[in-house]
There are 2 protein chains.
Amino acid sequence: MPVPRAAAAGRRGGIPEATVARLPVYLRVLTALAESETPTVSSEALAAAAGVGSAKLRKDLSHLGSYGTRGVGYDVEYLVYQISRALGLTQHYRVVIVGVGNLGHALANYAGFGTRGFEIAALVDADPRRAGDRIGGLDINPLDDLERIVKENEVSIGVIATPAAAAQDVCDRLVACGVTSVLNFAPTVLSVPDTVDVRKVDLSIELQILAFHEQRKSSGVSAEPGAAVPDAVRATGVSA
Amino acid sequence: MPVPRAAAAGRRGGIPEATVARLPVYLRVLTALAESETPTVSSEALAAAAGVGSAKLRKDLSHLGSYGTRGVGYDVEYLVYQISRALGLTQHYRVVIVGVGNLGHALANYAGFGTRGFEIAALVDADPRRAGDRIGGLDINPLDDLERIVKENEVSIGVIATPAAAAQDVCDRLVACGVTSVLNFAPTVLSVPDTVDVRKVDLSIELQILAFHEQRKSSGVSAEPGAAVPDAVRATGVSA
DNA sequence: GAGTGTGAATAGTTTCACAGCG
DNA sequence: CGCTGTGAAACTATTCACACTC
C-alpha cells in the first residue's frame, strides 16, 4: 500500500511524539547518574530507573542516532548532551507566568524552572493589589503590561495559571504578541491557531482518570455492572 | 494479513485508555452546557467545544453505549450521568495530600477538588512547625500520622506534593497502608507494585516537550516538504 | 434531512527477537 | 559473550465514510 507518504523517519525532526514525551524522563535520570559520576549505563539499567521497558528505551534512543556502544551501554555525559540537544534545551526559552494565585505562586518558586534552558521573564497578574509584590526574586506586573513584557523579553512560552474564565482571553493576547507555546493550567479547552502548541495540565482530569481505574479495582473486574442501568448494550456490531 | 491470533475477543471492561483520558473533558463541557440549560448537543458541537474531531468523539461515546439519538444528538443531562458513571464518579473517593509546600497549598485550595466525588480527607506535612495550621478549612497533620489517617478515613487516593527526595518513601508508606492510586507531583519516577496506579504531573517535562516543538518552529523545519509555514494565522482570531 | 454508530482503512506505538558489533 | 540497534509483528488509536435510525 504504497503511497509511502514519506514518514520522515530517520530524518531530522522525525522523533515520534511518544518518544519526545519520554526523553525528559531519561534526561532526568541521566543527570542524576552524571552527578554520581557513573560513566556508562546499559539500556536495562536506564530503563529500570525511568520506569519503562528496555526495548522501548533503545527504540526511543535510536531515533536520536546511534549513541550507544554494543557490549557496553551508553556514555552518560554524552547521552545527556544528545538528549538535551534533541529536545532543544541547548537553546534558551523565556517564559511568562500569567496568574499568580496559589498555583502561579507555586510555579514561580519551582526550582526546576530555572535549571535547564528556561528562564522566567516575568510574572503577571490581573489583580492590581498584587502588582509590585515580589515572589522568588521576581516582580509581579499588571496584566496591562503583558504585551510589552512579551515583546521586550522575547518570551516564547506562556504559562497560564489564571482562573478558567480568564484563560482564553489571556491566551489570545499571548498568541497575538507572538507566543507560540502555551502551558495551560486552567481547566478549559483553549483554542489557538495551529501554529501554536498548547499542553494542558489538569488536576481534576488526572483525578478522574484515577477514579476510573480505582472503581474498576473495587468492583469485580470481570464485567461492568453499572449502577442502575443494564448497560451491557455494547452493540458490537451485529456480528452477523 | 497475518493470522489474527486470539485477539481480545472477550472485551472486558473495554474502554480504551485514550478514551478514558478524554471523558473528563467531555464531562466538563457537558456540565457547563447543563448549567446553561441546553437540552441536547450534537457530536459536532460537543467535539468542537472539547477540542477534538467529531468522529473521535462519537467513537469514544460509543464505548459507553448507545446514548445518542440519530438526527438529534445527545441528551446533555443523560450523557453527564452516563459519563460520570463510566468514570466511577458516582462513587466517593477520599484523598490525602502529602506535602503542603507551595504546590500542596495550591492543591488544597483547588476548588475542583471537592466538586465531583472527591474529598480531601487530610493534609499531611513532614515539617512539624506546619502541623496544626489550617488551609482551606483543613488541619495539617504530622507525617507520623499518615498511616492512621489513611486507615481511619479509608483513603484510596494519595497525592504526593513533596520534594523529590521524599516522594518514594511517602509512596511506599501510602501503598503499605492500602492506597491504590497515586497522583505524583514530585519530579521522580515512583516504583510501585502493579496493583497500584500512578499518574504523574510534571511541570518540567511539559516545558521540555514544548521546547522540543518550539525549537522545531524556529529552526527552518527543513524536513517538512509539503507543508510550508503559512503564517496567515498570525492574525487570526485575536484582536481584543 | 440530520446526525449517530460503526465497520474498515490508516496511522502510530509497543513488544519481540535476533543479527551483528565491540 | 553482552548489549545495542532494528526489522517485523502485535497492539492501540485515529480517521474515514456510509448504512441506518429518528
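Every chain is numbered from 1 and lettered A, B, ... according to where its sequence line falls, protein lines coming before strand lines. Heavy-atom basis, side chains included; hydrogens, waters and symmetry copies ignored.
- Ring to ring, Tyr67(A) and Tyr74(A) are not that close: their centroids are 6.0 angstrom or more apart.
- Both Arg22(B) and Thr69(B) lie close to DNA chain D; mapped to their nearest nucleotides by heavy-atom distance, the more 5′-ward contact belongs to Arg22(B).
- For dG5(C), one of the phosphate oxygens OP1 or OP2 lies less than 4.0 angstrom from a side-chain nitrogen or oxygen of Ser66(B).
- For the 3.5 Å distance criterion, the side chains of His92(B) and Glu154(B) fail to qualify, holding no donor opposite an acceptor.
- One can place CG of Leu79(B) at 14 Å from C1' of dG5(C), the figure rounded to the nearest angstrom.
- Taking atom CG of Leu57(A) as the reference point, atom P of dC3(D) lies 14 Å away to the nearest angstrom.
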What nitrogen or oxygen pairs link the protein and nucleotides 15-19 of chain D at under 3.5 Å?
none

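- Not one side-chain nitrogen or oxygen of Tyr74(B) sits closer than 4.0 Å to the OP1 or OP2 atom of dA2(C).
- A straight line from CG of Asp60(B) to P of dT14(D) spans 7 Å, rounded to a whole angstrom.
- Between Val175(A) and Pro193(A), the closest side-chain pair of non-hydrogen atoms falls below 4.5 Å.
- Distance Glu17(A) CD to dT14(D) C1': 15 Å, rounded to the nearest Å.
- Rounded to an integer number of Å, the gap from CG of Asp75(B) to C1' of dG3(C) is 15 Å.
- With hydrogens and angles ignored, the 3.5 Å screen pairs a side-chain donor or acceptor of Gln168(B) with a backbone N or O of Ser191(B).
- Residues Thr90(A) and Arg85(A) have side chains that never bring a donor and an acceptor to within less than 3.5 angstrom of each other.
- Atom OH in Tyr67(B) sits about 14 Å away from atom C1' in dG5(C), given to the nearest Å.
- Judged purely by distance below 3.5 Å, without hydrogens or angles, the side chains of Tyr78(A) and Gln82(A) pair a donor atom with an acceptor atom.
- Separating the OH atom of Tyr26(B) from the C1' atom of dT4(C) is a distance of 15 Å, rounded to the nearest angstrom.
- Leu64(B) places its CG atom 10 Å from the P atom of dG5(C), with the value rounded to the nearest Å.
- At dC3(D), none of the side-chain N or O atoms of Ser43(A) fall inside 4.0 Å of OP1 or OP2 (strictly under the cut-off).
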(request) Apply salt bridge (Lys or Arg N to Asp or Glu O under 4.0 Å) to the pair Arg28(B) and Asp202(A), showing each step before the final yes or no. (result) CA-CA 12 Å; Arg28(B) 179 177 290 150; Asp202(A) 192 316; 2.7 Å; yes

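- The residue Glu44(A) sits apart from the nucleic acid: no heavy atom pair falls under 4.0 Å.
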